[in-house]
Amino acid sequence: MFFINGINIVLLILIASKGRDEYIMSKEAINIPKSVQLLFKKNLLFAIIYGLSLILFPKITIAQSNIIDYTLETANHQEVLSNKESKVINSKSFSLFWNVDSTHNKQFRYRIIPYEKGWSSWSQKNTAAFFNLPEGEYLFLIEMENGQTEELTITIDLPFWKHPLFYIVAIVFFSFMTFGLIVLLFRQRIKKISQNIEAEFRKTFKIKQKAREKTVGTSARSVKAQARIRSRKYQRVTVLFADIQGFTKIVEHINPETLIDELDRFFFYLDGVVEKYNIEKIKTIGDAYMCAGGIPSINRTNPVEVVLAGLEMQKYMKDSKVQQDSELGFWELRIGIHTGPVISGEVGRKNVSFDIWGDTVNIASRMESSGMAGMINITGVTFELIKDFFECDYRGKMPIKYKGETDMYFVKRIKPYLSEDKAGVFPNKQFKIKLQHIRFGDLEDFILRKLENELMEGLFYHNKEHTQDVLTQIEIIARGENVNSEDLLILKTAALLHDVGFIVEYDNHEDNSISFAKEVLPTYFYEDYQIEQVVELINVTRVGSKPRNYLEKIMKDADLDYLGRADFILISDNLYKELNLHNGKMSMDDWNKLQYDFISNHTYYTGTARKLRQVNKERQLQKLKVLVTN
């Protein structure tokens with residue numbers, strides 16, 4: 001560098017010398033003014049000074065002519081800019097790179113106004129990055145070692161979609177749209193849920209309604225709440241008359257208020273007993289109490305239930321002897337019971353009351369009047385209906401007007417093996433199960449009547465006959481497998497109810513059958529654990545369900561008993577027609593293949609079912625194989 005500057009000085013001196021020689025020659029030839037001579041001397045002096053500056057301050061002198069090139073880069077754009085240029089960008093973040101056409105200026109510092117108040121530190125790096133600057137105009141300044149400062153004007157002008165206000169508006173808009181969509185979906189969901197709830201409610205109500213549509217007449221409580229009720233005849237009703245022994249004489253010696261209090265306490269207890277055993281109170285006349293079982297709900301168990309109520313009434317009177325004072329004396333009760341047909345209806349116009357009439361009522365009254373205090377006197381008809389539950393003593397015959405003679409018995413107690421207590425008043429679990437088997441007959445009549453009258457059209461397989469077949473086969477297999485009395489009751493109940501759901505709808509009939517069972521079985525005095533067992537047995541009849549216990553195996557075998565019956569082809573054709581009607585069309589070839597695959601994978605779980613049906617099932621399988629092969 002020093003060598004170059006020396007050459008420059010020599011050249012300047014030569015130029016100046018040459019200029020001086022030319023000047024002297026021209027001066028000799030021409031007379032030159034003094035002002036021109038003075039200008040020449042100044043130029044010569046300037047050349048000498050400039051030459052010395054090149055030698056003494058080479059960097060400063062050269063830097064005066066430095067040129068800077070910029071490269072501006074944003075997230076999606078890169079552009080080369082020249083010095084002093086202005087640039088508008090649409091990004092809040094950018095980077096700057098610069099190059100200087102000199103090797104002397106190796107350190108820089110910069111600032112951007114008004115974003116930064118001070119200069120950056122001196123550094124050799126030739127880059128600067130800025131992030132998230134607000135919109136506006138910025139002046140980028142860069143200073144070099146020689147003190148030279150250059151500037152670049154950068155304007156940030158964001159498009160409308162990058163403005164904060166746009167984001168706020170967009171967020172509000174999309175929030176509103178999202179909220180509206182959520183509200184719309186929520187309303188649709190609520191509507192769908194409401195429709196499902198309404199449909200489920202209607203189905204539940206329908207099930208409840210059908211479960212309560214028993215064969216009933218008019219109860220004493222409903223008479224006053226209704227208009228004129230037509231009379232109704234019942235074929236088997238058990239009537240009980242109870243009367244306090246010697247009540248007429250007792251009245252003569254007792255304070256009236258005390259007497260009324262005692263009668264009220266006495267009748268209040270009797271009302272509780274008859275309600276416990278599902279017996280209908282008819283009326284009280286003085287000290288006489290009349291009730292009847294088998295009305296308004298018709299049932300087979302009313303003779304047993306009325307006698308149980310009579311035993312509890314007598315026990316109450318005996319227990320009351322300890323508590324009665326001398327003024328009241330010892331009250332003793334005579335009870336008479338008879339079973340037979342009666343006619344029920346209303347009596348009176350202003351004060352309407354419910355009553356029953358017939359020979360049964362008269363005979364029951366005769367049994368009471370001819371009985372003994374502390375005893376229950378029943379007729380031979382009632383005895384035949386209860387003799388498996390109670391111990392009775394034969395009394396002989398009594399003449400009945402226009403009826404001849406009737407046998408009479410005193411009921412002593414419940415049979416010991418059926419009694420919970422030593423006195424033989426309260427029944428044990430075995431007694432209740434035995435009674436439930438009789439009550440099952442009422443449930444069977446009720447369900448079969450519904451299947452006959454209320455099933456939808458097109459049920460060629462799942463009909464009343466199928467339920468009866470399963471019920472019959474349940475009893476055969478269960479007795480063959482030596483199940484106990486309670487398990488037999490549970491199995492028969494499940495078999496009876498497993499297809500009752502078809503009276504509600506075709507789809508999900510098992511669920512409807514379960515709901516129906518839960519609704520109707522408590523009215524037939526089934527315990528909660530018994531109802532749960534029935535539900536599990538209904539569940540196992542679903543297609544593809546596997547039995548988990550012995551009762552479920554029996555239920556499964558009874559439900560698919562037709563696979564090994566001689567009339568399998570006929571039953572199978574009925575099932576084919578039903579499925580085609582309700583679940584879509586299926587060709588006979590597809591049906592035969594489906595049946596063949598199903599029977600091939602089927603097995604009977606109990607030994608009794610295998611003995612009865614396995615051989616014939618294999619024959620049916622061979623017939624289907626021929627059909628499928630051809």
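Side-chain atoms are counted along with the backbone in the values below, which use heavy atoms only and exclude waters and symmetry mates.
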Subject >> Taking every non-hydrogen atom, the tightest pair across Val239 and Ala364 >> reply: O-CB, 3.6 Å
Subject >> Donor on one side chain, acceptor on other, Ser344 and Trp357, under 3.5 Å >> reply: no
**OP:** Output yes when Arg439 and Glu305 qualify as a salt bridge under the 4.0 Å nitrogen-oxygen rule, no when they do not.
**Re:** yes
Subject >> Worked verdict on Asp589 versus Asn592 for side-chain hydrogen bond (donor to acceptor under 3.5 Å, both in side chains) >> reply: CA-CA 5 Å; Asp589 290 339; Asn592 288 334; 4.7 Å; no
**OP:** Answer yes or no: is there a side-chain heavy-atom contact under 4.5 Å between Gln620 and Leu563?
**Re:** no
Original post:
Between the side chains of Asn302 and Arg236, does any donor sit under 3.5 Å from an acceptor?
Top reply: no
Original post:
Roughly how far, to the nearest 0.5 Å, is CG of Asp359 from NE2 of His338?
Top reply: 8.0 Å
**OP:** With sequence neighbours left out, write down each residue that passes ring pair (Phe, Tyr, Trp, His ring centres under 6.0 Å) with Phe267, or none if nothing qualifies.
**Re:** Tyr289
Original post:
Any chance the side chains of Gln530 and Glu486 put a donor and an acceptor closer than 3.5 Å?
Top reply: yes
Subject >> Qualifying salt bridge (charged side-chain N to carboxylate O under 4.0 Å, His left out) pairs, either residue in residues 528-548, two or more places apart >> reply: Glu510-Arg542, Asp511-Arg542, Arg548-Glu552
Original post:
Is a side-chain N or O of Asn377 found less than 3.5 angstrom from the main chain of Glu368, in a donor-acceptor match?
Top reply: no
Original post:
Could you go step by step and tell me if Asp590 and Ser587 meet the side-chain hydrogen bond (donor to acceptor under 3.5 Å, both in side chains) rule?
Top reply: CA-CA 5 Å; Asp590 291 339; Ser587 67; 2.9 Å; yes
Subject >> Residues Gln622, Glu618; criterion side-chain hydrogen bond (donor to acceptor under 3.5 Å, both in side chains); working and verdict >> reply: CA-CA 6 Å; Gln622 293 301 319; Glu618 292 175 358; over 6 Å; no
Original post:
Would you say the side-chain atoms of Tyr277 and Glu312 include a donor-acceptor pair closer than 3.5 Å?
Top reply: yes
**OP:** Report the residues that fulfil ring pair (Phe, Tyr, Trp, His ring centres under 6.0 Å) with Tyr596, sequence neighbours left out, ordered by chain and then residue number.
**Re:** none
**OP:** May I ask you to say whether Glu275 pairs ionically with Lys281, meaning some side-chain N is under 4.0 Å from a carboxylate O?
**Re:** no
Original post:
Distance-only, no hydrogens or angles: does the Asn428 side chain make a donor-acceptor pair with backbone N or O of Glu420 under 3.5 Å?
Top reply: no
Original post:
Which residues satisfy the salt bridge (Lys or Arg N to Asp or Glu O under 4.0 Å) test with Asp469, sequence neighbours excluded?
Top reply: Arg565
**OP:** Return the set of residues passing ring pair (Phe, Tyr, Trp, His ring centres under 6.0 Å) with His437 (not counting sequence neighbours), or none when no residue passes.
**Re:** none
Original post:
Within 45 degrees of the axis of the six-membered ring of Tyr605 and under 6.0 Å from its centre: does Lys556 put its NZ or CZ there?
Top reply: no
Subject >> NZ/NE/NH1/NH2 to OD/OE distance under 4.0 Å, Asp445 and Arg300 >> reply: yes
Original post:
Any sub-3.5 Å donor-acceptor pair from Thr406's side-chain atoms to Thr379's backbone N or O?
Top reply: no
Original post:
Does a donor on one side chain and an acceptor on the other come within less than 3.5 Å for Tyr409 and Asp393?
Top reply: no
Subject >> Test salt bridge (Lys or Arg N to Asp or Glu O under 4.0 Å) applied to Lys233 - qualifying residues, sequence neighbours left out >> reply: none
Subject >> Which residues share a salt bridge (Lys or Arg N to Asp or Glu O under 4.0 Å) with Lys577, sequence neighbours left out >> reply: none
**OP:** Would you list the pairs meeting salt bridge (charged side-chain N to carboxylate O under 4.0 Å, His left out) in which at least one residue belongs to residues 591-608, sequence neighbours left out?
**Re:** Lys593-Asp597
Original post:
Could you give all pairs that pass the salt bridge (charged side-chain N to carboxylate O under 4.0 Å, His left out) test and reach residues 600-614, with sequence neighbours left out?
Top reply: Asp561-Arg613
Original post:
Do His582 and His462 have ring centres separated by under 6.0 Å?
Top reply: no
Original post:
Counting distance only, does the side-chain N/O of Asp557 pair as donor-acceptor with the main-chain N or O of Ala609 below 3.5 Å?
Top reply: no
Original post:
Distance only, no hydrogens: is a donor on one side chain within 3.5 Å (strictly under) of an acceptor on the other, for Asp559 and Thr541?
Top reply: no
**OP:** Tell me, please, which residues at least two apart from Phe598 pass ring pair (Phe, Tyr, Trp, His ring centres under 6.0 Å).
**Re:** none
Original post:
Under 3.5 Å, is there a donor-acceptor pair between the side chain of Thr339 and the main chain of Thr238?
Top reply: no
Subject >> Ring centers of Phe440, Tyr524 separated by less than 6.0 Å >> reply: no
Subject >> Ring centre gap for His602 and Tyr604 strictly below 6.0 Å >> reply: yes
Original post:
To the nearest 0.5 Å, what is the distance between CZ (Phe568) and CG (Leu621)?
Top reply: 9.0 Å
Subject >> Expected output: side-chain Glu578 to main-chain Phe460 donor-acceptor under 3.5 Å >> reply: yes
Original post:
Looking at Tyr234, is Arg232 sitting on its ring face, NZ or CZ under 6.0 Å from the six-membered ring centre and within 45 degrees of the normal?
Top reply: yes
Original post:
Who pairs with Ile476 by side-chain contact (heavy atoms from CB on, under 4.5 Å), at least two apart in sequence or on another chain?
Top reply: Thr472, Gln473, Leu612
Subject >> Lys415: salt bridge (Lys or Arg N to Asp or Glu O under 4.0 Å) partners, not counting sequence neighbours >> reply: none
Original post:
Could you walk me through whether Thr467 and Asp499 pass the side-chain hydrogen bond (donor to acceptor under 3.5 Å, both in side chains) check?
Top reply: CA-CA 7 Å; Thr467 297; Asp499 277 347; 4.7 Å; no
